[in-house]
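Data block below; observations after.
Note that ligands are numbered from 1 as they come in the structure, with each ligand's atoms numbered from 1 the same way. Computed from a predicted structure; not experimentally measured. We use all heavy atoms of the structure for the numbers below, so side chains are in, but hydrogens, waters and symmetry mates are not.
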Amino acid sequence: MTPIRDLSKLCIHTITTKPWNIETAIEKYCAAGVNGITVWRQWLENRDPYKIGQEIIKSGLTPVSLCRGGFFPASSLTDRQKAIDDNRRAIDEAAALGTLMIVLVCGADPRQSLEESRRHIFEGIAAVLPDCEDRKIRLAVEPLHPMYADSRSAINTLKQANDLCDDLDHPLVGVAADVYHLWWDPDLQNEIRRCGESGYLWAFHICDWRTPTVDLLNDRGLMGEGCIDIPQIREWVEQAGFEGFHEVEIFSNRWWQADQDEFLKAIIQAYRTEC
Ligand code: ZN
């Protein structure tokens, strides 16, 4: 793979530079030549998503997606309804923000089987699809690494995400492929091809897997700090027809403690040389 020479497809998730508020993130990303931003819902709390969306668009950044909806499974019906209501709010926020896509961390409840959780995921997505149709919002199912199967997602492989899209069979349901969750999967190349051929491949998230990983959630690496062959996976997604943004999504206690301006410089350097 040839190194990436320009930043036209570089997007950053606001969670990556967690110490920055939305205004600072917009300003710094723009100044650094980044072209896309994925907004996490915490950055919209007590704020007007429409106004923030206008700020983003005025800055020249593309609002790539809203992170995140999902968390549908629950052993109680009341909690499942709460999740559906919350996803409806997320759809309204996404529409106000001016993005076309919500990333779904589908959820799981350790008090029930994974099969039961997957049934709740199917039903939850189906329940909010009429809202998506009204708002023209797409839902991208993000399969999560199996270490999160207890409480974060019962969708753990790209095959499961593709199967779920097949089952829902709706033009507003697709997939977000994140190298952190999928790099280990021996079926990855085939399932990326299938995802592209089915028209489901809508988002591509990048970071790296550190050894040893000292925190299951917040020790993701900057691209090049770990063992994921990101250029190989990028080649597969491009061969599958993906032309969207490369979204840097790094939850890292280590990097959040660093000078965020230096971190942003490191992200851009790593994007050019390690992706
Ligand atoms: Zn992701």
Thinking salt bridges, do [X] and [Y] make one under a 4.0 Å N-O criterion?
X	Y	value
Arg194	Glu191	yes
Arg152	Glu142	no
Asp167	Arg118	no

Exercise for review: Could you tell me whether the Zn ion (ligand 1) has an N, O or S atom of His13 under 2.8 Å away?
Suggested key: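 No N, O or S atom of His13 is closer than 2.8 Å to the Zn ion (ligand 1), so no.
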Check your understanding: Can an N, O or S atom be found in Glu247 less than 2.8 Å away from the Zn ion (ligand 1)?
Key ->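 Coordinating: no.
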Report the name of the N/O/S atom of [X] located nearest to the Zn ion (ligand 1).
X	result
Asp178	OD2
Glu142	OE2
Glu249	OE1
His205	ND1

Check your understanding: Do the rings of Phe242 and His246 sit parallel, tilted or perpendicular, given the 30° and 60° boundaries?
Key ->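 The arrangement is tilted - the two ring planes meet at 30° to 60°.
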Review point. Between Trp20 and Phe263, does the ring centre distance come in under 6.0 Å?
Key: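 Ring centroids of Trp20 and Phe263 are no less than 6.0 Å from each other.
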